[in-house]
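Proteins get letters first, then strands, A, B, ... in listed order; numbering begins at 1 in each. Being a predicted model, the structure only gives us computed values, none of them experimental.
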Amino acid sequence: MNETSQNASDRLVALILQRKPMHRKFLQGSLAELTQSERAAAEQYIRYLLQQDASYEELAECYLTIVQDMFREEMHFKQTGKYRCASYAEAAAAVYDNGDYMRRYMIGLALSSYWWINHIQMLRFFQKTLPATRRGVYREVGPGHGLYFLEAMRSSGFDRYEGVDISATSVALTQGIVASGYFGSFDKASIWQGDFLSERFERPADALVMGEVLEHVEEPERFLEAARSAVADDAYVFLTTCINSPAVDHIYNPETLQGLEALIDRGGFRVLDSCVLPKQGCTLEQCAQDRLPINVAYVVAKRS
Amino acid sequence: MNTVWKENALQVIQDIFRNQFFDDSLAITEHTTPADIEEWDSLAHVNLLASIENAFNIRFTADDMANIDSIAVLLATMVERGAC
Ligand SMILES: C[S@@+](CC[C@H](N)C(=O)[O-])C[C@H]1O[C@@H](n2cnc3c(N)ncnc32)[C@H](O)[C@@H]1O
């Protein structure tokens, strides 16, 4: 990639670090680990947002919104041992029902998905495991900003791509990516607003993806059971979630890796492959002992 | 802000930074910002503030956590939280 084509990313990062130098070490360390094609993907997404009339200032604000909120929530978690929200109603009032905030939050999260090494590692795991030649229905729960949805449309050959999200803002963001034509022409996608728990699908999915959704729900076991009934017996099922990782709208904390895997088992799945990422610079043991964040991604299979 | 308190507080804060970053040469003044100390980053921030809470027997609010981005703001917030 040449220098000019990286200008938007560089300019945005410089603006963020000028406003909050405290994020320099982490962000630059993380960016240094990206491959050329990952940099190109981030650059393309940022240019897309700019083309949609976002300004650099707004994008910097989106990114800083999520990192500053994370600070707040980490402190709350350290002091109380709990996430701030205990119910969906609280999370909805704080986040989902606030369109302006939700948009900033989702775009900030999207930037972190392209820039933060733990998020990138989960995306790499997704790229590595998503079956490229499988046909049928790809179904995504909570596509949010739409990056996993985009990645799936680009790198697989399903006959139909479905996305269901409870937030109108998330639906608009994912639809925007699909309809813009900016990333290619995708005519097999449909995205709608709905609560996954109340959806009745025409046919079982051949792939089901739930990125960063379980920690947002009140009844994760029921959610997994619903996922189980929404997929074919041999479906590819991919999920990411986190442990001890407070955020404004996180409700469910599995507390331990064992707790999470037990939940997956109770939900009717068994783990086929996993990507476990302790907080940067810490071991898994440290994270467990000091209740520090762990990100996880799983490929699971329906138990018979 | 009382000058004697401020100087003592800066001394304690400096010890906390030195311990956290294993660097006995770190010098903290009221003008220090994260731009001056590369290690004072987002990953270390929560631990630094938690150590300061313990040393001064105060509680920062969650908003303080997000707002404190220099030693000057830290000192002012500590006063607000009753450290002085
Ligand atoms: C943190 S975002 C995840 C975005 C993206 N999938 C990722 O991996 O980064 C969580 C998304 O799940 C959606 N969501 C939460 N509960 C849901 C539910 N019951 N049904 C459908 N979507 C839901 C939220 O609206 C939000 O867009």
Side-chain angles (χ1 to χ4, degrees), chain A residues 13-14 16-32 61 63-85 94 108 112 115-118 244-248 250 277-282 286-287 289-293 295, chain B residues 10 13-14 16-23 25-83:
Chain A
V13 169
I16 289 167
L17 296 183
Q18 183 198 332
R19 288 186 47 191
K20 290 283 175 192
M22 196 188 289
H23 300 299
R24 179 177 307 278
K25 190 176 162 205
F26 173 73
L27 186 53
Q28 289 189 334
S30 205
L31 291 173
E61 189 55 41
Y63 181 79
L64 289 173
T65 295
I66 66 153
V67 290
Q68 296 294 102
D69 281 355
M70 219 171 264
F71 273 164
R72 265 189 208 101
E73 298 312 312
E74 263 188 60
M75 195 61 159
H76 178 85
F77 184 65
K78 218 175 169 73
Q79 289 175 343
T80 64
K82 292 188 184 131
Y83 291 169
R84 193 187 298 270
C85 290
S112 81
W115 283 349
W116 292 0
I117 192 60
N118 53 344
N244 300 332
S245 191
V248 267
H250 286 184
L277 304 161
K279 175 176 168 147
Q280 215 193 3
C282 301
Q286 271 173 307
C287 287
Q289 195 185 320
D290 299 338
R291 305 192 77 204
L292 299 173
N295 286 104
Chain B
L10 279 170
I13 294 168
Q14 178 167 278
I16 289 173
F17 272 69
R18 287 180 173 184
N19 279 339
Q20 166 97 20
F21 301 129
F22 304 103
D23 180 354
S25 67
L26 270 182
I28 301 291
T29 74
E30 64 182 309
H31 306 295
T32 305
T33 73
D36 306 311
I37 302 176
E38 201 203 332
E39 288 76 14
W40 181 1
D41 74 341
S42 44
L43 295 176
H45 193 57
V46 183
N47 285 343
L48 283 169
L49 294 199
S51 303
I52 290 165
E53 281 188 329
N54 289 340
F56 290 88
N57 203 17
I58 51 169
R59 272 288 172 111
F60 291 120
T61 67
D63 278 347
D64 294 340
M65 184 71 203
N67 294 336
I68 294 170
D69 60 359
S70 66
I71 297 294
V73 178
L74 170 64
L75 287 168
T77 313
M78 287 168 65
V79 172
E80 251 177 67
R81 300 288 157 245

Subject >> Distance in Å, A/Asn295 CG paired with A/Ile117 CD1, rounded so as to fall on 0.5 Å steps >> reply: 11.5 Å
**OP:** Report, as yes or no, whether the 6.0 Å neighbourhood of atom CG on B/Asn54 holds more than 12 heavy atoms from other residues, nucleotides or ligands.
**Re:** yes
Original post:
Taking 4.0 angstrom as the limit, do A/Arg72 and B/Asp63 come out as a salt bridge?
Top reply: yes
Original post:
Between B/Glu39, B/Glu53, B/Glu38, B/His45, which shows the greatest number of heavy-atom pairs under 4.5 Å with chain A?
Top reply: B/His45
Subject >> Toward chain A, the part of B/Asn47 with a non-hydrogen atom under 4.5 Å >> reply: side chain
Original post:
In terms of heavy-atom pairs under 4.5 Å, which option from A/Arg24, A/Lys20, A/Met70 contacts chain B the most?
Top reply: A/Lys20
Original post:
Hey, which of A/Arg84, A/Lys279, A/Gln79 has the most heavy atom pairs under 4.5 Å with chain B?
Top reply: A/Gln79
Subject >> Qualifying residue, where the test is side-chain contact (heavy atoms from CB on, under 4.5 Å) with B/Leu26 and the options are B/Thr32, B/Asn19, B/Asp36, B/Ile37 >> reply: B/Ile37
**OP:** Below 4.5 Å from any heavy atom of chain A, which atoms of B/Thr61 appear? Answer side chain, backbone, both or neither.
**Re:** backbone
Subject >> Atom pair CE (B/Met78) and CD1 (B/Ile13), whose distance is rounded to the nearest 0.5 Å >> reply: 4.5 Å
